[in-house]
Amino acid sequence: MGRSPTTKDDAQALFQSLRSAYAATPTNLKIIDLYVVFAVFTAVIQVVYMAVVGSFPFNSFLSGVLSCVGTAVLAVCLRIQVNKENKEFKYLPPERAFADFVLCNLVLHLVIMNFLG
């Protein structure tokens, strides 16, 4: 049994719809999205490296991965707060959201550095 042509057409229509909706996304949100993708990609590279080479300093591996994942989570929170279409944070200025992001990143990386030893 092969795939029906309607499934392929539906998938193409879905991707075209997502692409056109993302084209309307403001540039600052696209930059944050790129940063999230970079952080997750860095975490994946570290996991692959650990699988290939080994995990001798395991706390270093955990620190690196948790740093990338934590940074990505904080960036997603920043994206939610900065998005103009989000009505929950409409009274929160973007400068305040960015200051929260920087402060939380500082605390996260201080904890990561403490975990390294």
Side-chain angles (χ1 to χ4, degrees):
M1 295 233 146
R3 288 185 173 169
S4 64
T6 60
T7 305
K8 185 177 180 182
D9 294 338
D10 288 343
Q12 287 177 346
L14 175 67
F15 285 125
Q16 288 292 344
S17 148
L18 287 173
R19 190 179 325 186
S20 65
Y22 193 71
T25 304
T27 305
N28 61 345
L29 296 181
K30 288 181 181 179
I31 292 171
I32 295 172
D33 292 341
L34 187 63
Y35 181 70
V36 170
V37 168
F38 173 73
V40 171
F41 182 69
T42 305
V44 169
I45 287 175
Q46 289 179 8
V47 170
V48 169
Y49 180 81
M50 191 263 322
V52 171
V53 175
S55 65
F56 166 60
F58 192 66
N59 58 343
S60 297
F61 162 71
L62 282 180
S63 295
V65 170
L66 291 177
S67 174
C68 292
V69 171
T71 301
V73 168
L74 290 174
V76 168
C77 293
L78 175 66
R79 188 190 195 284
I80 290 171
Q81 291 177 358
V82 171
N83 191 357
K84 299 279 189 220
E85 295 178 7
N86 192 350
K87 300 300 180 202
E88 282 185 47
F89 298 104
K90 68 179 180 180
Y91 296 116
L92 182 72
E95 294 83 10
R96 165 74 192 270
F98 186 71
D100 290 346
F101 171 73
V102 169
L103 181 67
C104 290
N105 256 317
L106 182 66
V107 170
L108 170 71
H109 286 92
L110 285 174
V111 170
I112 294 295
M113 292 301 280
N114 188 34
F115 184 70
L116 277 173

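Treat the numbers as computed from the prediction; the structure is a model and nothing was measured.
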Within one Ile-Leu-Val-Met-Phe-Trp-Tyr cluster: Leu62 and Val69, side-chain cutoff 4.5 Å: yes
Beyond-backbone contact of Cys68 with Val40, side-chain heavy atoms, under 4.5 angstrom: no
Separation between CG of Leu108 and CG of Leu103, rounded to the nearest 0.5 Å: 11.5 Å
Leu106 reachable from Leu74 in the ILVMFWY side-chain graph, under 4.5 Å edges: no
Contact summary for His109 and Ser67, nearest pair of heavy atoms: NE2-OG, 2.9 Å
Validation row: Val82, Phe89 side chains within 4.5 angstrom (heavy atoms): no
Close side-chain approach of Lys30 and Tyr22, heavy atoms under 4.5 Å: yes
Hydrophobic cluster identity match, Val44 and Val53, side-chain contacts under 4.5 Å: yes
Pairs flagged by ring pair (Phe, Tyr, Trp, His ring centres under 6.0 Å) wherever residues 26-51 is involved - sequence neighbours left out: none
Distance, nearest 0.5 Å, that separates CG of Leu14 from CG of Asp9: 12.5 Å
Rounded distance [0.5 Å steps], OG in Ser63 versus CG in Asn114: 9.5 Å
Spacing of Thr25 atom OG1 and Glu85 atom CD [to the nearest 0.5 Å]: 8.0 Å
Close side-chain approach of Lys84 and Pro94, heavy atoms under 4.5 Å: yes
Single-linkage hydrophobic cluster Leu29~Val102, side-chain heavy atoms < 4.5 angstrom: yes
Side chains of Thr27 and Ile31 in contact at under 4.5 Å (non-hydrogen atoms): yes
Flag if over 12 foreign heavy atoms under 6.0 Å of CD, Gln12: yes
Inter-residue atom distance Ile80.CD1 - Asn86.CG, 0.5 Å rounding: 7.0 Å
Atom of Leu92, atom of Ala97 and distance for their closest heavy-atom approach: CD2-CB, 4.0 Å
Test applied, side chain to side chain contact (heavy atoms under 4.5 Å, CB included); reference residue, Val36; option that passes from Val76, Leu78, Val73: Val76
Ser17 side chain to Ala13 backbone, donor-acceptor under 3.5 Å: no
Rounded distance (nearest 0.5 Å) linking atom CG of Leu66 with atom CZ of Phe61: 8.5 Å
